[in-house]
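Nothing here was measured: the structure is a model prediction, and the numbers come from that model.
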Amino acid sequence: MDENIWPESGDFVVCAVTNVTDFGAYTSLEEFGGKEGFIHISEIKAGWVKYVRDYVREGQKIVCKVLNVDSSRRHIDLSLKDVNEHQKRAKIQDWKNEQKAFKWLQFVAEETGTSEDEMDTLKLKLLESFGSLYSVFEEVAINAEDAFNEVKMEKKLVTSIVTVAQNNIKLPFVDIAGFVDLNCYLPDGIEIIKQALDAGNENDEEEVRVEISYTGAPRYRIKVIAPDYKKAEAVLKKSATAAISTIEKLGGKGEFHRHNNTVKA
């Protein structure tokens, strides 16, 4: 992990508890090269906490919300109490998926004879284009080489990734997408847009995956992968409605645009 890459306020992160004290707990951020985070006792649980060890222990894996990042002091403030059960499950699943994708890319590197430095560069390129490494393999499992139409890559890498994706990813049948335009010109407009995106990203449906990505101001792409078209359409509509209603309630404006769907038999 690049030493210059830090989480952002509001992110959910997977942490390993490294040291528990009377006033809080120190953690190691699994996805950020082991950077240290701290959970103050007031952020352990809602209400009064007498003993921190009643809630966390050394070696435990937990999901926290990032409250503040000071990269100059290499300090990250975290909250455990601000993470609900749904957010915890979703984050753990995403983390596990990223670990799988990382191993698959290592296999690709070995098979193609790609150096570690070249793979680090490739990972950054894939993250910029797809949002996560696991999303790369999902997209490739659906669209094969076409998933890389807008990403310049060596043919041997594309071929290897396609093979690995098709051998390991079992996707639902339907992949649909739409776009929401979110605008807010208030002083805290960026934070309001983030809240709207968080609302749109909420999903309680099993076997359904919702991904929201930035495509260019003010547009965001909502992708839904589901077992059938009817369920995918319902989740897409629910996601867009949640994002738009949230931003309008907070003083901004939102608009939904439909996009063609892809159906896989």
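- Put simply, the side chain of Lys103 reaches to within 4.5 Å of the side chain of Gln106, judged on heavy atoms.
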Yes or no on side-chain contact (heavy atoms from CB on, under 4.5 Å) for Ile5 and Leu124, after CA distance, side-chain angles and deciding distance? CA-CA 11 Å; Ile5 297 179; Leu124 290 175; 4.2 Å; yes
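- In this structure, Lys123 contributes its side chain and Leu133 its backbone to no donor-acceptor pair below 3.5 Å.
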Determine, stepwise, if the pair Glu8 / Val69 fulfils side-chain contact (heavy atoms from CB on, under 4.5 Å). CA-CA 7 Å; Glu8 296 182 359; Val69 177; over 6 Å; no
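- Following chains of ILVMFWY side-chain contacts shorter than 4.5 Å, one cannot reach Ile92 starting from Phe32, and the two form parts of different hydrophobic clusters.
- Around the CD atom of Glu154, the shell of radius 6.0 Å holds no more than 12 heavy atoms that belong to other residues, nucleotides or ligands.
- Residue Thr18 holds its OG1 atom at 12.0 Å from CD of Gln60, rounded to the nearest 0.5 Å.
- Considering every non-hydrogen atom in both Pro227 and Val208, the closest pair reads CD-CG2, 4.1 Å.
- Checked by atom type and distance alone, the side chain of Glu36 never pairs as donor or acceptor with a backbone atom of Ile76 at under 3.5 Å.
- Side-chain atoms of Asp188 never come within 3.5 Å of backbone atoms of Glu191 as a donor-acceptor pair (strictly under, hydrogens ignored).
- In the hydrophobic cluster analysis, where Ile, Leu, Val, Met, Phe, Trp and Tyr join through side-chain heavy atoms closer than 4.5 angstrom, Met153 is grouped together with Tyr134.
- Under a 3.5 Å cut-off, the side chain of Thr215 and the backbone N or O of Arg219 do form a donor-acceptor pair.
- Heavy-atom neighbours of Asn68 CG from other residues, nucleotides or ligands within 6.0 Å: above the threshold of 12.
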Please walk me through it: do Lys253 and Glu255 pass salt bridge (charged side-chain N to carboxylate O under 4.0 Å, His left out)? CA-CA 7 Å; Lys253 291 184 177 181; Glu255 185 176 358; over 6 Å; no
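- Residue Pro7 comes nearest to Val66 through the heavy atom pair CB-CG2, 4.0 Å, listed as atom of the first residue, atom of the second, then distance.
- Counting non-hydrogen atoms of other residues, nucleotides and ligands closer than 6.0 Å to NZ of Lys237 gives a total of 12 or fewer.
- With Arg53 contributing its side chain and Val20 its backbone, the two residues share a donor-acceptor pair below 3.5 Å.
- In this structure, Ala243 and Leu182 approach most closely via the heavy-atom pair O-CD2, 4.3 Å.
- The aromatic rings of Phe148 and Phe130 sit perpendicular, their planes meeting at an angle over 60°, well past the 30° parallel limit.
- Here the CG-CG distance, from Leu67 to Leu78, works out to 7.0 Å after rounding to the nearest 0.5 Å.
- Nearest heavy atom pair, residue Val14 against residue Lys61, reads CG1-CD, 4.4 Å.
- Gln87 places a side-chain N or O within donor-acceptor distance of the main-chain N or O of Asn84, the cut-off being under 3.5 Å.
- The backbone N or O of Glu202 sits nowhere less than 3.5 Å from a side-chain atom of Lys238 that would complete a donor-acceptor pair.
- With Thr246 contributing its side chain and Ala242 its backbone, the two residues share a donor-acceptor pair below 3.5 Å.
- Annotation: side chain of Asp94 is in contact with side chain of Arg209 (closest heavy-atom distance under 4.5 Å).
- Residues Lys223 and Glu139 meet the side-chain proximity criterion, which asks for heavy atoms closer than 4.5 Å.
- The CD1 atom of Ile222 lies 6.5 Å from the CZ atom of Phe256; values are rounded to the nearest 0.5 Å.
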One pair to check against side-chain contact (heavy atoms from CB on, under 4.5 Å): His257 and Val180. What are the steps and the verdict? CA-CA 6 Å; His257 304 274; Val180 285; over 6 Å; no
Run Asp22 and Val52 through side-chain contact (heavy atoms from CB on, under 4.5 Å) and show every step you take. CA-CA 6 Å; Asp22 291 339; Val52 177; over 6 Å; no
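- The closest side-chain heavy-atom distance from Val136 to Trp104 is not below 4.5 Å.
- Neither Leu105 nor Phe102 shares a network with the other; the hydrophobic side chains, linked directly or stepwise wherever heavy atoms of I, L, V, M, F, W or Y lie under 4.5 Å apart, form separate groups for each.
- Among all heavy-atom pairs drawn from Ile212 and Gly200, the shortest one is CD1-C, 3.7 Å.
- Between the side chain of Asn167 and the main chain of Thr163, a donor-acceptor pair closer than 3.5 Å is present.
- Neither Val63 nor Val17 shares a network with the other; the hydrophobic side chains, linked directly or stepwise wherever heavy atoms of I, L, V, M, F, W or Y lie under 4.5 Å apart, form separate groups for each.
- Between atom CZ of residue Phe137 and atom OG of residue Ser132 there is a gap of 10.5 Å, rounded to the nearest 0.5 Å.
- Under the 3.5 Å distance criterion, the side-chain polar atoms of Lys91 are matched with a main-chain donor or acceptor of Phe12.
- In this structure the side chain of Glu31 never reaches within 4.5 angstrom of the side chain of Asp11, judged on heavy atoms.
- With a 6.0 Å radius and a threshold of 12 heavy atoms from other residues, nucleotides or ligands, Lys88 has its NZ atom at or below the threshold.
- Across all non-hydrogen atoms, the minimal contact from Ser28 to Gly34 is OG-CA, 3.2 Å.
- Classified by interplanar angle (parallel below 30°, tilted 30° to 60°, perpendicular above 60°), the ring pair His75/Phe38 is tilted.
- Cluster annotation: Val49 and Phe23 are assigned to distinct hydrophobic clusters (Ile/Leu/Val/Met/Phe/Trp/Tyr, side-chain heavy-atom contacts under 4.5 Å, transitive).
- Once rounded to the nearest 0.5 Å, the distance linking OG1 of Thr159 with CD of Glu111 reads 9.0 Å.
- When the shell of 6.0 Å around NZ of Lys156 is examined, it contains more than 12 heavy atoms from other residues, nucleotides or ligands.
- How far CD1 of Ile39 is from OH of Tyr55: 13.5 Å, rounded to the nearest 0.5 Å.
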